[in-house]
Each structure stands twice: as C-alpha cells, then as structure tokens.
Number of protein chains: 2
Amino acid sequence: MENEQIEAIAAMLKTMSHPIRLKILCLLQGKEMTVGDIREEVKTTNANVSQHLSILRNQGIIGYRKDANFIFNRINDERVLELMQTMRKLYCQPE
Amino acid sequence: MENEQIEAIAAMLKTMSHPIRLKILCLLQGKEMTVGDIREEVKTTNANVSQHLSILRNQGIIGYRKDANFIFNRINDERVLELMQTMRKLYCQPE
DNA sequence: AAAGTATTAAATGGAAAAATTAAATACTTA
DNA sequence: TAAGTATTTAATTTTTCCATTTAATACTTT
C-alpha cells in the first residue's frame with residue numbers, strides 16, 4: 001500500500017469508527033432512511049444524527065434523495081458494504 | 001449486528017484508523033519489527049511509535065516478543081490481516 | 001559498576017472531535 | 001399566509017486524541 005492510499009483508507013476508517021455512524025451504516029444496508037427513522041433506532045437527537053450523516057456524506061459513503069420535507073439517505077459506496085460484510089463474517093460469526 | 005458488536009467493531013476500527021497505526025499494521029504483515037525498525041519507515045519519534053504500538057497492543061491487535069533490549073512486534077489478530085486484505089482489494093486495485 | 005542502547009511511562013499543551021442547545025431553512029398543509 | 005414538520009447550521013462546551021518533551025526502566029557491553 002502506498003502512503004497516499006494509507007492516508008485515504010485511514011480517513012475512511014475514521015469516518016466509520018464512531019459507534020453511531022457504524023450503526024447508521026448497518027441500518028442503511030438494503031434500505032433508505034430519513035433522519036427521523038434513524039433517530040428512532042439510535043438513542044440521540046435529530047441534530048446529532050444529522051451531523052453524523054453529514055460526516056458520512058462528506059466522505060462520500062452515503063448519498064441522499066429529497067422528497068417533500070424528508071431526506072432519504074442511502075449507502076453510495078459499494079465498497080463499504082463489502083467491507084462491512086467481511087467484518088460481520090470475521091467478528092460476528094459463531095465459529 | 002448487535003449493538004454490543006457494533007461498539008466492539010467501532011473500537012477496533014478506531015484503533016486502525018490512525019495513519020501511523022495503519023502503516024504499522026501494513027509493515028508488520030509477514031514480519032516482526034522493533035520500535036527502531038518501524039521508526040525508520042515512519043517519519044516520527046521512537047516515543048511516538050511506542051505509544052501507537054501500545055494502543056494496538058491494548059486492542060489485542062499486536063503482540064510482542066522480548067529479546068535482549070529489543071522488542072519484536074507482530075500481528076496477533078488474524079482477522080485484522082484479512083480485513084486489510086479486503087481493503088487492499090477494494091481501495092488499491094487498478095480496476 | 002558505569003556508560004550506552006532500546007523502549008516505555010508520565011506530564012504537558014494544543015488540536016480535533018463530539019454532544020448539546022438554539023436558531024435558521026425548506027417544505028407542507030391548514 | 002400562518003402554523004407545523006423535517007432537517008440543517010451555527011455556537012458553545014466538554015471530551016478525547018495526539019505529538020512532544022522529559023524522565024524512568026531494562027538490558028548490554030565495556
């Protein structure tokens with residue numbers, strides 16, 4: 001791995017490494033969710049969810065779609081999905 | 001993923017998400033290295049390398065072996081190796 | 001034992017990240 | 001247009017992280 005790539009990957013891991021953000025990524029697997037939807041699953045405020053979403057957006061991991069006064073968030077980066085699959089396999093499998 | 005697992009994985013990602021620590025993990029793939037060895041590859045001080053190594057050790061990612069006044073560090077957690085392989089495939093492949 | 005090398009530990013200061021609160025924007029509906 | 005809902009922005013405070021410096025420990029060699 002080149003140094004530049006190490007920096008980029010480290011930044012991406014840092015973005016994923018907050019419990020709330022990682023949980024958001026888990027929740028967004030397979031579906032779109034609004035701030036309000038997410039807020040019901042994660043014990044915090046709307047503003048806090050919104051802040052975490054914007055960090056994920058700035059990293060390019062998630063995207064969104066606007067409809068009325070809702071914003072539907074979705075995972076944008078397929079690689080993150082594959083990475084999470086690997087993590088689930090390694091850290092959540094019984095064996 | 002359960003909440004508890006999310007917390008644990010987030011902690012592990014956080015440990016890996018510092019450029020120096022991620023570089024150390026790259027360097028340790030396949031070989032043992034001392035603080036001095038690592039310090040030659042990473043532009044920082046011995047004390048700083050030592051601190052990062054202790055963070056990696058506390059997370060259980062690396063282990064060590066003592067010989068004379070050298071400490072040889074090695075990767076302890078096979079899962080981290082597989083995770084890094086996946087990251088290399090996803091983020092460092094030309095295609 | 002003294003001097004030298006490798007590493008760690010402890011303390012400091014500064015920078016970055018996080019949660020909280022309050023105010024602003026955007027859209028909808030009554 | 002006024003009131004209501006969803007989300008974001010901005011400001012503030014608290015917390016956590018990181019690099020640096022200095023001192024301590026452990027071991028070797030002379």
Side-chain angles (χ1 to χ4, degrees), chain A residues 3 6-28 31-76, chain B residues 3 6-28 31-76:
Chain A
N3 274 342
I6 288 177
E7 300 271 346
I9 293 175
M12 189 266 302
L13 291 177
K14 185 166 156 190
T15 299
M16 296 178 69
S17 74
H18 189 288
I20 290 182
R21 292 196 291 271
L22 189 56
K23 174 134 196 186
I24 289 174
L25 292 177
C26 285
L27 291 169
L28 288 182
K31 61 172 182 282
E32 291 181 328
M33 292 179 87
T34 68
V35 170
D37 294 338
I38 292 167
R39 186 238 130 125
E40 281 177 32
E41 302 283 341
V42 180
K43 265 287 179 261
T44 186
T45 60
N46 280 348
N48 196 18
V49 170
S50 176
Q51 272 174 183
H52 284 300
L53 284 170
S54 100
I55 291 170
L56 289 164
R57 252 182 247 129
N58 290 340
Q59 185 60 232
I61 295 180
I62 67 173
Y64 65 96
R65 162 177 80 82
K66 229 175 159 176
D67 185 7
N69 43 2
F70 291 93
I71 288 185
F72 291 93
N73 297 277
R74 63 164 189 281
I75 292 186
N76 229 356
Chain B
N3 274 342
I6 289 177
E7 299 272 345
I9 293 175
M12 189 267 302
L13 291 177
K14 185 165 154 191
T15 299
M16 294 178 70
S17 74
H18 190 287
I20 290 182
R21 292 196 290 271
L22 190 56
K23 173 133 196 188
I24 289 174
L25 292 177
C26 285
L27 290 169
L28 288 182
K31 59 173 183 280
E32 290 182 328
M33 292 180 86
T34 67
V35 170
D37 295 337
I38 292 169
R39 187 237 129 124
E40 281 176 30
E41 303 283 340
V42 180
K43 265 286 177 263
T44 186
T45 61
N46 279 350
N48 195 19
V49 170
S50 177
Q51 272 177 183
H52 285 298
L53 284 170
S54 102
I55 292 170
L56 290 163
R57 249 183 248 128
N58 290 340
Q59 185 62 229
I61 295 180
I62 66 172
Y64 65 96
R65 164 177 78 82
K66 228 176 158 175
D67 185 7
N69 44 3
F70 291 92
I71 288 186
F72 291 93
N73 297 277
R74 61 161 190 284
I75 291 186
N76 228 357

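So you know, we letter chains A, B, ... as the sequences are listed, proteins then strands, and number each from 1. Keep in mind that the numbers below use all heavy atoms, side chains included, and drop hydrogens, waters and symmetry copies.
- Between A:Arg21 atom CZ and C:dA19 atom P there is a gap of 8 Å when expressed in whole angstrom units.
- Taking CZ of B:Arg39 as the reference point, atom CG of B:Leu53 lies at 13.5 Å (rounded to 0.5 Å).
- Atom CG of A:Asp37 and atom CG of A:Leu28 lie 9.5 Å apart (nearest 0.5 Å).
- For the atom pair NZ (B:Lys43) and CG (B:Asn48), the distance works out to 13.5 Å, reported to the nearest 0.5 Å.
- B:His18 places its NE2 atom 15 Å from the P atom of C:dA15, with the value rounded to the nearest Å.
- Contacts with DNA chain D (heavy atom under 4.0 Å) in residues 58-72 of chain B: B:Lys66, B:Ala68, B:Asn69, listed by number.
- Within 4.0 Å of A:Ser54, counting heavy atoms only, lies no atom of the nucleic acid at all.
- Contact annotation: A:His52 side-chain N/O to C:dA19 OP1/OP2 distance is under 4.0 Å.
- Here the C1' atom of nucleotide D:dC17 and the CE atom of B:Met16 are 18 Å apart, to the nearest Å.
- Regarding B:Leu13, its CG atom lies at a distance of 17 Å from the C1' atom of D:dC17, rounded to whole Å.
- Remark: B:Ile71 pairs with B:Tyr64, B:Lys66, B:Asn73 by the side-chain contact (heavy atoms from CB on, under 4.5 Å) rule, at least two apart or across chains.
- B:Ile55 places its CD1 atom 11 Å from the C1' atom of D:dA19, with the value rounded to the nearest Å.
- The side chain of B:Gln51 lies closest to D:dA19, out of C:dT8, D:dA19, C:dT7.
- Atom CG in B:Asn3 sits 10.5 Å away from atom CG in A:Leu22 (nearest 0.5 Å).
- Between A:Asn48 atom CG and C:dA22 atom C1' there is a gap of 15 Å when expressed in whole angstrom units.
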Requested in this report: Output, in order, the C-alpha distance, side-chain angles, deciding distance and verdict of side chain to side chain contact (heavy atoms under 4.5 Å, CB included) for B:Val35 and B:Ile38.
Outcome: CA-CA 5 Å; B:Val35 170; B:Ile38 292 169; 5.9 Å; no

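- Taken to the nearest 0.5 Å, the CD1 atom of A:Ile61 stands 6.0 Å off from the CG atom of A:Leu25.
- The separation between B:Lys14 atom NZ and D:dC18 atom C1' is 12 Å, rounded to whole Å.
- Partner of B:Thr15 under the side chain to side chain donor-acceptor pair (under 3.5 Å) criterion, out of B:Arg57, B:Gln59, B:His52: B:Gln59 alone.
- Note: B:Met12 CE to B:Ser17 OG = 10.5 Å, rounded to the nearest 0.5 Å.
- Near DNA chain D, defined here as any heavy-atom distance below 4.0 Å, the residues from residues 35-46 of chain A are A:Val35, A:Gly36, A:Asn46, listed numerically.
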